[in-house]
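A short worksheet on the structure shown next.
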Amino acid sequence: MAPPAPVHPRLRFAPSPTGFFHVGGARTALYNWAIARRLGGTFVLRIEDTDEARNRPEWTDGIIDSLAWIGISTDDPTFEGPYFQSSYAGAHIEAATRLYESGVAYYCDLTPDEVQVRAKVSGKPGYDGFSRDRGLEPGPGRVLRFRVPDGTTVVSDLVRGDVEFDNAHIEDFVLVRGNGTPMFLLANVVDDVAMAITHVVRAEEHLPNAPKQQMLWRALGHEPPTWAHVPVLVNEQRKKLSKRRDKVALEQYRAEGYLADAMVNYLMTLGWAPAGDTEIMPWSRIEAEFRLEDVNHAPAFFDLKKLSAFNGEYIRMLPLDEFIAACDEWLPSDWDRAVFARMAEHVQTRVVTMTDVAPMVDFLFLAEPEIDEGSWNKTMSSEFARALLRDTIEAFAAVDFVAAELKTALEEIGERYGQKLGKAQAPVRVAVTGRTVGPPLMESLEELGRDETLRRMRAALDRLEGR
RNA sequence: GCCCCCAUCGUCUAGUGGCCUAGGACACCACCCUUUCAAGGUGGCGGCACGGGUUCGAAUCCCGUUGGGGGUGCCA
């Protein structure tokens with residue numbers, strides 16, 4: 001016997017467009033991508049376009065855009081598609097006809113209500129095979145059902161091992177609706193066969209469909225693909241992430257300033273861990289090390305705190321010039337980029353997401369600092385604050401206006417009042433930046449300049465003295 | 001109800017019979033550093049769901065219990 005021809009690995013990712021791209025879908029896409037790349041195969045994008053999705057092409061564009069953001073780009077040679085399920089409608093019906101003619105599928109004229117009544121009477125859930133041997137011809141209102149054989153179906157799953165299903169528990173499922181349109185299950189298998197898909201990597205919720213699809217593959221005359229059902233992502237209630245309750249749109253994380261690299265890295269650690277003591281690693285290593293066989297079996301909690309930690313880490317890993325470049329789109333266009341660039345190193349260690357960047361340095365660019373009343377009340381109420389402000393204005397007017405000198409001057413003034421610099425800087429900080437927290441003060445003042453610093457301090461003093 | 005999947009610190013995980021008085025990461029706490037806040041450094045808290053087996057030896061294998069999740073459409 002001749003050795004089997006080598007098969008080119010083809011992994012399909014088949015999202016249904018719904019107006020946003022789910023983080024769980026992103027992880028599944030990444031799994032497919034990693035395996036396709038490592039095996040030297042192809043990542044096939046096939047959109048399960050519904051009627052609604054067809055009327056909203058922007059949904060599909062959104063998916064492609066989101067995939068590109070996480071590094072899965074249509075420009076990459078590994079990428080193939082996008083294809084659309086609807087464009088294979090003819091093949092779906094053709095396959096159904098073949099199945100009917102070969103006797104593995106049959107027509108049934110029972111309505112859904114009638115099926116339900118029979119189930120209730122017999123006490124057995126689901127369709128009972130009523131029309132199996134009635135020899136019905138195709139006709140309006142009649143559905144085509146698959147004749148599930150006796151025995152068991154074993155689904156060999158890369159992450160779960162062999163999963164055995166007793167066919168007695170699988171009803172004769174519908175292939176074609178009464179109106180003649182094919183069901184998703186059929187369409188899916190026919191498309192996979194047509195595209196020579198070798199690996200089906202998808203969420204665990206599809207596992208119960210696998211035996212049905214596997215039977216369909218065989219009925220169509222093909223060996224089923226390699227299956228891999230990966231666990232779902234859950235919320236703190238341990239429920240599958242839902243659009244209503246949870247923040248699941250990848251686009252939203254992008255808009256909130258999460259870095260694609262951080263998101264990708266974090267997503268890959270849910271259900272899988274690289275060898276060694278560090279989870280932070282570049283995609284190139286993940287791609288080389290990721291194995292479906294090593295994916296965990298239990299659902300994983302999508303932890304925003306840990307994502308944030310990853311994001312902060314990734315921001316800090318950026319070379320300074322890259323960080324500055326990355327900040328550009330997050331800053332108002334009229335802010336002086338040179339000023340920001342000089343402060344950037346102080347910003348980089350203090351932000352969690354890119355949306356934190358602008359508010360951290362806004363006082364340098366605004367005509368008036370935005371005074372946070374809580375901060376004001378906390379630091380300005382004492383007599384010490386007023387006196388210190390007065391002395392500092394005087395000192396700052398005379399000193400060489402650079403960070404080191406400013407620091408020395410403030411330190412001296414603090415000593416007069418028995419306060420360390422940590423306490424002494426607070427009123428100045430609130431007067432100039434409007435808040436108790438922020439980038440290093442002296443450096444900020446130097447950047448602001450003597451005139452503006454003194455003006456803000458005098459304004460604060462005026463307010464304190466009721467002027 | 002029925003079918004299927006799952007079960008290690010609060011969370012994500014390492015662990016595939018002896019290397020485990022169970023390792024790492026996030027979170028949390030303490031200390032150090034310090035110009036606020038961060039960042040960084042050091043240390044700490046904290047877990048094999050339960051009960052039976054198998055074995056010289058079990059987090060690891062088997063059975064049961066409990067608990068969680070998913071699926072049960074002429075949806076995708």
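Quick note on labels: first sequence line is chain A, next is B, and so on, each numbered from 1.
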Selection from [options] that lies nearest to any side-chain heavy atom of [X]:
X: A/Pro208; options: B/C12, B/G70, B/G73; result: B/G70
X: A/Thr349; options: B/C26, B/A76, B/A38; result: B/A38
X: A/Arg316; options: B/A76, B/U36, B/A39; result: B/A39
X: A/Val232; options: B/U35, B/G69, B/G24; result: B/G69
X: A/Gln425; options: B/A27, B/C74, B/U36; result: B/U36
X: A/Ala298; options: B/G73, B/C6, B/C26; result: B/C6
X: A/Asp277; options: B/C3, B/G23, B/C5; result: B/G23
X: A/Met183; options: B/A76, B/G69, B/C4; result: B/A76
X: A/Phe165; options: B/A7, B/U35, B/C3; result: B/C3
X: A/Glu279; options: B/A76, B/C12, B/C6; result: B/C12

RNA chain B: A/Phe301 or A/Leu185, which has the more 5' nearest nucleotide?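 That would be A/Phe301.
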Would you mind telling me which residue lines up with the more 5' stretch of RNA chain B, A/Ser16 or A/Ala404, judged by nearest nucleotide?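 In this pair, the answer is A/Ala404.
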What nucleic acid atoms does [X] come within less than 4.0 Å of, heavy atoms only: base, sugar-phosphate, or nothing?
X: A/Val143; result: base
X: A/His206; result: base
X: A/Thr436; result: base
X: A/Gly126; result: nothing
X: A/Leu270; result: sugar-phosphate
X: A/Leu110; result: base
X: A/Thr111; result: base
X: A/Pro439; result: base
X: A/Glu236; result: nothing

Side-chain N or O of [X] closer than 4.0 Å to phosphate OP1/OP2 of [N]:
X: A/Asn296; N: B/A7; answer: no
X: A/Lys305; N: B/U11; answer: no
X: A/Arg177; N: B/A76; answer: yes
X: A/Lys240; N: B/G71; answer: yes

Quantified in whole Å, what is the [atom1] atom distance between nucleotide [N] and nucleotide [M]?
N: B/A39; M: B/C62; atom1: P; result: 44 Å
N: B/A49; M: B/U34; atom1: P; result: 45 Å
N: B/C6; M: B/C63; atom1: P; result: 12 Å
N: B/C50; M: B/G10; atom1: P; result: 13 Å
N: B/C48; M: B/U8; atom1: C1'; result: 4 Å
N: B/A14; M: B/G53; atom1: P; result: 30 Å
N: B/C20; M: B/C28; atom1: C1'; result: 25 Å
N: B/G46; M: B/G1; atom1: C1'; result: 40 Å

Using both distances under 3.5 Å as the test, list the Watson-Crick or G-U wobble partner of [N], or none.
N: B/U11; value: B/A25
N: B/A58; value: none
N: B/C74; value: none
N: B/C31; value: B/G41

Kindly say whether, by distance alone, the side chain of [X] makes a donor-acceptor pair under 3.5 Å with the base of [N]?
X: A/Arg238; N: B/U11; result: no
X: A/Glu205; N: B/G69; result: no
X: A/Arg350; N: B/C37; result: yes
X: A/Lys306; N: B/A25; result: yes
X: A/Glu171; N: B/U72; result: no

For a quick test of reading the model, state the closest non-hydrogen atom pair linking A/Leu259 to A/Asn311 and the distance between them.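 Closest approach of A/Leu259 to A/Asn311, heavy atoms only: N-OD1, 2.7 Å.
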What are the two closest non-hydrogen atoms of A/Glu443 and A/His346, and how far apart are they?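 Of all heavy-atom pairs spanning A/Glu443 and A/His346, the closest is CG-NE2, 3.8 Å.
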With no hydrogens and no angle check, just 3.5 Å: does a side-chain donor-acceptor pair link [X] and [Y]?
X: A/Asp113; Y: A/Thr111; answer: no
X: A/Arg285; Y: A/Asn265; answer: no
X: A/Asp191; Y: A/Tyr83; answer: no

Are A/Arg145 and A/Phe173 in a cation-pi setup, meaning NZ or CZ lies under 6.0 angstrom from the ring centre and within 45 degrees of the ring axis?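 Ring-cation test returns no.
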Is A/Lys306 close enough and on-axis enough to A/Tyr266, meaning under 6.0 Å and within 45°, for cation-pi?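 Output no; distance or angle outside limits.
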Would you call A/Glu256 and A/Lys247 a salt bridge, using N to O less than 4.0 angstrom?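 Answer for the salt bridge query: yes.
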